[in-house]
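Here's the structure, in structure tokens; my notes come after.
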Amino acid sequence: MLVSLDPDQEVLHDTTARFLDEQMPVAAVRALREDEAGFDPKYWLRGAELGWTALLVSEEAGGGSVSGNPLTDLSLIAYEFGTHAAPGPLVPSNIVAIALDVAGEAHRDPLGAILSGEAVATWCLGEPAPGDGLDDIALTVGVDGGELVLNGRKRPVEAGAQADYYLVVGRSGDGLSQVLVPAGTPGITVKPLESADLTRRFASIRFDDVRLPLSAAVGEIGGADAQVARQVNIANVLHCSESAGAMQRAFDMTRAWTADRYSFGRSLDSYQEIKHRMADLLSWLHGSHAIADAAAAAMDREDPLAQEYVSAAKAFVGHYGAELVQDCVQLHGGIGVTYEHDLHLYLRRVTVNRALYGSPAEHKRRLGALTIARES
């Protein structure tokens, strides 16, 4: 998190933290393991009242930032989602909200429902293997007279079986298009998937000759490439902040454990090897905080190097997040690998975040290509 917050950001952060402390203690998170949706709609409505869905949206459309830095503000909420392993489609709902806001007046009614928490929306970007690379989009969005026609598959889609609206990314000729598709539209098949995360649900969605009016387009047909790229960056910033929160909680648990646990009359944290490992973990943790914050700030100020900041953040946090929590498990010994211990909640969150919107390896390659292009 930021070294210092302004008063409005402190209120936003503290309110979210207290709400999640009350509504999502570990016992509540565990209880959602068998819940079909992974979250209670009333919980999501109350979260929307706290601003979870509105920070990236303009004031004219019913949203507004508390500090003038909307993504930084939202990253504070994402951080608390990580420290609590909290449920709810925070990232996809905000991605859809900002896309509808940018598109103007055409989709104000569904946007209002999303902002209020009355409707759940999700972003359909990724596709199944072998076309599951960061920039691989095979689903097609064609125009047939006065209709849009969608054909293809999306996987994994967060809250795919729970969503009221899908924002679908597809290819139209040489460019990308985004289309707002109401759930239940003829031609849509939703298949729930298994997830490592206890509360986040994913689905595979097939679109077979799905037909919608031209007004369903979000932005220009074939002209959404820049907006999609921006949305990928926003999603990755939020996941990096969320993972940093999960890493912080895992580290704090491990620091307390090594201080309290004794071996041969000495606390574990008095042994040199444990000290060295904890120092490594702390350096990874601080690095993750710093790069996640820097990426959010770069996006907020529209820095020309924002894409590089984001890819650097995903590459670093995606790699060291999993390393840190795995080491925390090992430092706990046998108890750390049991289901009864809480560490796995944070390992699950970090692991799933690592896999979404481009792997660390993909972002390293993108970062390298961007650097070469800038310096050539």
Side-chain angles (χ1 to χ4, degrees), residues 71 74-75 78 81-82 89-92 94-96 98-99 122-139 152-160 167-171 175-176 178 193 195-197 200 202-205 224-244 246-247 284 287-288 291-296 298-299 303 305-323 348-374:
L71 188 53
L74 187 55
S75 72
F81 264 58
L90 181 71
V91 172
N94 279 280
I95 293 297
V96 177
I98 193 174
T122 191
W123 191 31
C124 301
L125 176 70
E127 302 196 356
D132 56 348
L134 179 56
D135 296 315
D136 293 339
I137 302 292
L139 182 143
R153 293 176 61 196
K154 291 294 180 180
R155 170 183 175 154
V157 179
E158 185 174 351
L167 180 63
V168 183
V169 179
R171 193 163 296 283
L176 297 179
Q178 295 197 107
L193 301 173
S195 170
D197 200 311
R200 286 159 71 184
F202 294 86
S204 174
I205 304 180
D225 295 68
Q227 180 61 25
V228 170
R230 181 181 178 223
Q231 290 167 195
V232 171
N233 286 342
I234 291 170
N236 275 309
V237 167
L238 295 175
H239 277 158
C240 285
S241 296
E242 188 178 67
S243 292
M247 293 166 66
W284 300 344
S288 295
I291 192 61
D293 288 348
M299 288 290 293
D303 193 306
L305 300 181
Q307 173 67 84
E308 294 178 50
Y309 276 99
V310 174
S311 286
K314 180 59 183 284
F316 187 92
V317 178
H319 176 78
Y320 285 108
E323 290 285 325
R348 290 167 183 270
R349 183 58 53 98
V350 168
T351 299
V352 172
N353 284 353
R354 183 183 190 275
L356 297 174
Y357 305 113
S359 67
E362 287 178 298
H363 280 279
K364 286 179 183 178
R365 289 193 292 269
R366 171 171 283 185
L367 182 60
L370 288 168
T371 303
I372 291 171
R374 176 165 50 83

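In this text the structure is predicted, and so the values were computed from the model without any measurement.
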- [ ] Using side chain to side chain donor-acceptor pair (under 3.5 Å) as the criterion, point out the one residue from E308, Q307, K314 that pairs with S311.
- [x]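 Of E308, Q307, K314, side chain to side chain donor-acceptor pair (under 3.5 Å) with S311 is met by Q307 alone.
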
Could you tell me if the side chain of [Y] sits less than 4.5 Å from the side chain of [X], heavy atoms only?
X	Y	value
M247	V317	yes
D136	P130	no
L125	I137	yes
I205	R153	no

- [ ] Assess whether side chain to side chain contact (heavy atoms under 4.5 Å, CB included) is satisfied between I234 and N94, documenting all intermediate values.
- [x] CA-CA 9 Å; I234 291 170; N94 279 280; over 6 Å; no

Atom [atom1] in [X], atom [atom2] in [Y]: separation rounded to 0.5 Å?
X	Y	atom1	atom2	value
N236	L134	CG	CG	7.5 Å
S359	D132	OG	CG	9.5 Å
I291	S241	CD1	OG	11.0 Å

Open item on the list: For V310 and M299: C-alpha separation, side-chain torsions, deciding distance, then whether side chain to side chain contact (heavy atoms under 4.5 Å, CB included) applies.
Closed with: CA-CA 8 Å; V310 174; M299 288 290 293; 4.0 Å; yes

Restricting to non-hydrogen atoms, name the atom on [X] and the atom on [Y] that form the minimum distance, rounded to 0.1 Å.
X	Y	value
A295	V237	CB-CG2, 4.0 Å
E127	A138	OE1-N, 2.9 Å
F81	R349	O-NH1, 3.8 Å
A298	A306	O-CB, 3.9 Å
G358	H363	O-CD2, 3.4 Å
A296	S75	CB-OG, 4.4 Å

TODO: Give a yes or no on whether R348 atom CZ has more than 12 heavy-atom contacts from other residues, nucleotides or ligands under 6.0 Å away.
DONE: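 Yes.
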
Task: R155 CZ: over 12 foreign heavy atoms closer than 6.0 Å - done: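 Open.
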
- [ ] Would you please classify the geometry between the W123 ring and the Y357 ring as parallel, tilted or perpendicular, with 30° and 60° separating the classes?
- [x]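 Aromatic pair Y357/W123 classed parallel.
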
Task: Pairs involving residues 352-368, ordered by first then second residue, that meet salt bridge (Lys or Arg N to Asp or Glu O under 4.0 Å) (sequence neighbours left out) - done: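 Checked against salt bridge (Lys or Arg N to Asp or Glu O under 4.0 Å) - neighbours excluded - the pairs reaching residues 352-368 are D135-R366.
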
Task: Side-chain (E158) to main-chain (P92) donor-acceptor, under 3.5 angstrom - done: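 No; zero donor-acceptor contacts below 3.5 Å.
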
Open item on the list: Given 3.5 Å as the limit, does a donor-acceptor pair link the side chain of K154 with the main chain of V169, or not?
Closed with: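 Side chain of K154 to backbone of V169: a pair is present.
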
Open item on the list: My understanding is that only residues two or more places apart in sequence, or in another chain, count here; which of them pass side chain to side chain donor-acceptor pair (under 3.5 Å) with N353?
Closed with: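 For N353, the residues satisfying side chain to side chain donor-acceptor pair (under 3.5 Å) (neighbours in sequence not counted) are R200, E242, S243.
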
- [ ] Show your reasoning for whether side chain to side chain contact (heavy atoms under 4.5 Å, CB included) applies to T122 and I95.
- [x] CA-CA 8 Å; T122 191; I95 293 297; over 6 Å; no

Open item on the list: Using the side chain to side chain contact (heavy atoms under 4.5 Å, CB included) definition, which of the options L139, V168, L167 pairs with C124?
Closed with: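 Going through L139, V168, L167 one by one, the side chain to side chain contact (heavy atoms under 4.5 Å, CB included) with C124 is satisfied by V168 alone.
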
- [ ] Could you give me the CA-CA distance, side-chain angles and deciding distance for F202 and L356, then say whether side chain to side chain contact (heavy atoms under 4.5 Å, CB included) is met?
- [x] CA-CA 11 Å; F202 294 86; L356 297 174; 4.1 Å; yes

